[in-house]
Amino acid sequence: MPRTLLTGLRAPGGPGTPATGTTALEITDGTITWLGPAADVAGRAGGASVEDHDGAVVTPPFVDAHVHATASGLLLQGLDLTACRTPGELLDAVAAAPRAAVLWGHGWEENRWSPARHPSRAELDRAARGRAVYLSRIDVHSALVSTALLDRAPAAVGAAGWSPDGPLSADAHHHVRRAALAALDGDRRRGAQRAFLDLAASRGVGTVHECAGPDVSGQDDLADLLAAEHGVAVVGYWGEAVRTPQEATDLLRRTGAHGLAGDLFVDGSIGSRTALLREPYADEDGCLGNRYLDPEAVAAHLVACTRAGIRAGFHVIGDAGADVVLAGLEQAVAETSARAVRAARHRLEHLEMVDAAQIARLAALGVAASVQPAFDAAWGGPAGMYATRLGPARAAVMNPFAQLSAAGVVLELGSDSPVTPVDPWAAVRAAVGHTNPASALDPDTALAAHTGGGRLRVGSPASYALWDGDTCLRLVRAGRTVHELRR
Ligand SMILES: [Zn+2]
């Protein structure tokens, strides 16, 4: 049996700190068969091929718990609008883009612009010159679109979130996004997915959780992704509400998903002022955000999935959104049992505004939190977008990673790519360097939360990543080399 000794490895000493200790790894036929101090290598070298890795840091592969593969891949090939600083720069980028069935762009953020106004639809149409154009806001909860795309999505006109001249949000946004995705042929879609999975591999991510659903992507899209022959593993979540255990079981089978969770939207986002709040937004009179699922539907979904033993979950960002989910969880406890709810390991996406009482209850019910530290890095802090939208007091206690972790809520870190890039070390650093130190994770907890609790263990399939700083030198998952940097 082929036996390899990897020597000269170091365990990570936490982000930003030197690695500690030296270690070695023995892999026999795709399984970790020994792990130990470098000093003990000599006795095992006979008959093995020995690789000296010269101080490379070794970790388990990262798990990105929230991605949108196709949208991310399309943007690798499409328009990056994150650097635009004025409406005119956005229009110039659109005008200069090559012809395509649908022109995809992503990342505009009008609160960073001067002037902070959106281009009008007429301006966008002039730049588009008849092309269908879909430009998602940085949070992907609203989009600027051209008239040619609206012609393919007539249901968007007048739907909730419709605007005759500005970005579309809510249902209107979902209609145009579906039309934009439907305009892609299968080859372009699969090409985008592959480009994204290749990128994930190059960043040391061995598993991604795709948050798919009827409003976000589509069944064909998820089917293609789950069928992709790629070394990066895909766990699929499908965000569609069900009402009975039978419906839940059937839908899971039909979609190939691992849970009826992910982007099943209870509310929207802070940036788009669509996250559901207890108290109004600080920068828009009386605005409490949007509720996309009524409490009765949330409860029915949780009850049905709990009965079927299926992981359920929702996208929920605002504090009042979390109230709706907690009420649904209590309903599921009443109709099944706390033990059944815990066993289903339900999971909530984002969960950015939760107080101590909510956290304690989520912990007691075994609910996991899929969180994005890069959100805090991008929008947290006293001068950040969250503070503008919510005022400093509410903004300061957002994304309470430490409090969730201390209460026993399982944290799963992710990027929500394309909202923030797949960059796991940046996410670990953001969790450790939280804008509110009281909410920061320690490095070991952050790393564990971003690697699926992963540890390198004797007897486990060989899955590991080797690093030089943030650069992934090699990614191996289940004995298969998924990425190797040629130097
Ligand atoms: Zn998402």
Side-chain angles (χ1 to χ4, degrees), residues 63-75 82 104 106-107 109 134 136-143 161 169-171 173-174 176-178 180-181 192-193 196-197 199-200 205 207-219 221-222 225 234-241 255 257-272 274-276 289-290 292-293 311-318 321-322 325 346-353 368-376 378-379 399 411-424 427 450:
V63 176
D64 192 320
H66 190 132
V67 306
H68 302 279
T70 304
S72 301
L74 286 167
L75 295 168
T82 51
W104 284 76
H106 170 72
E109 201 174 2
Y134 170 85
S136 44
R137 192 183 183 280
I138 184 75
D139 58 3
V140 205
H141 279 268
S142 50
S169 62
D171 286 349
H173 175 223
H174 296 158
V176 292
R177 178 163 55 193
R178 258 196 302 275
L181 284 168
Q193 292 175 344
F196 172 73
L197 293 174
L199 175 82
V205 173
T207 303
V208 295
H209 292 188
E210 166 75 8
C211 291
D215 292 336
V216 188
S217 51
Q219 289 200 17
D221 185 276
L222 180 59
L225 185 62
V234 177
V235 173
Y237 290 109
W238 183 255
E240 183 172 351
T255 56
H258 299 77
L260 298 178
D263 280 338
L264 176 49
F265 296 105
V266 168
D267 64 358
S269 73
I270 304 287
S272 295
T274 48
L276 187 64
N290 291 1
Y292 297 136
L293 264 186
R311 185 173 229 195
F314 304 92
H315 161 117
V316 55
I317 287 183
V325 172
H346 301 312
R347 186 176 96 168
L348 300 176
E349 306 305 309
H350 316 308
L351 201 66
E352 293 192 80
M353 296 176 75
S370 160
V371 297
Q372 296 74 33
F375 286 10
D376 173 64
W379 301 310
N399 292 297
L411 293 178
E412 303 181 39
L413 270 49
S415 63
D416 201 359
S417 173
V419 178
T420 71
V422 173
D423 188 345
H450 212 348

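In each ligand, atom 1 is the first atom listed, and ligand 1 is the first ligand listed. Only this structure's heavy atoms are used, side chains among them; waters, hydrogens and symmetry mates stay out. Throughout, numbering of the chain's residues begins at 1 and tracks the sequence.
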Backbone or side-chain N/O/S of [X] under 2.8 Å of the Zn ion (ligand 1):
X    : answer
H68  : yes
D263 : yes
C211 : no

### Message
Test of understanding: with side-chain contact (heavy atoms from CB on, under 4.5 Å), list the residues that count as partners of D376, not counting sequence neighbours.
### Response
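Counting only residues at least two positions away or on another chain, D376 forms a side-chain contact (heavy atoms from CB on, under 4.5 Å) with N399, H434, T435.
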### Task
Look at the rings of H66 and H350 and say which category their plane angle falls in: under 30° parallel, 30 to 60° tilted, over 60° perpendicular.
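If you compare the ring of H66 with that of H350, the planes turn out tilted.
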### Query
Which N/O/S atom belongs to D416 and is the closest one to the Zn ion (ligand 1)?
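Atom name of the closest N, O or S in D416: OD1.
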#### Entry: Atom name in H66, limited to N/O/S, at shortest distance from the Zn ion (ligand 1)
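Distance check against the Zn ion (ligand 1) picks out NE2 in H66.
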#### Entry: Pair W379-E352, side chain to side chain donor-acceptor pair (under 3.5 Å): steps then yes or no
CA-CA 12 Å; W379 301 310; E352 293 192 80; over 6 Å; no
### Task
Just jot down the ring pair (Phe, Tyr, Trp, His ring centres under 6.0 Å) partners of F314, sequence neighbours excluded, or say none.
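Applying ring pair (Phe, Tyr, Trp, His ring centres under 6.0 Å) to F314 gives H301.
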### Task
Working to the nearest 0.5 Å, report the span between OG1 of T255 and CD of E240.
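One finds 8.5 Å between OG1 of T255 and CD of E240.
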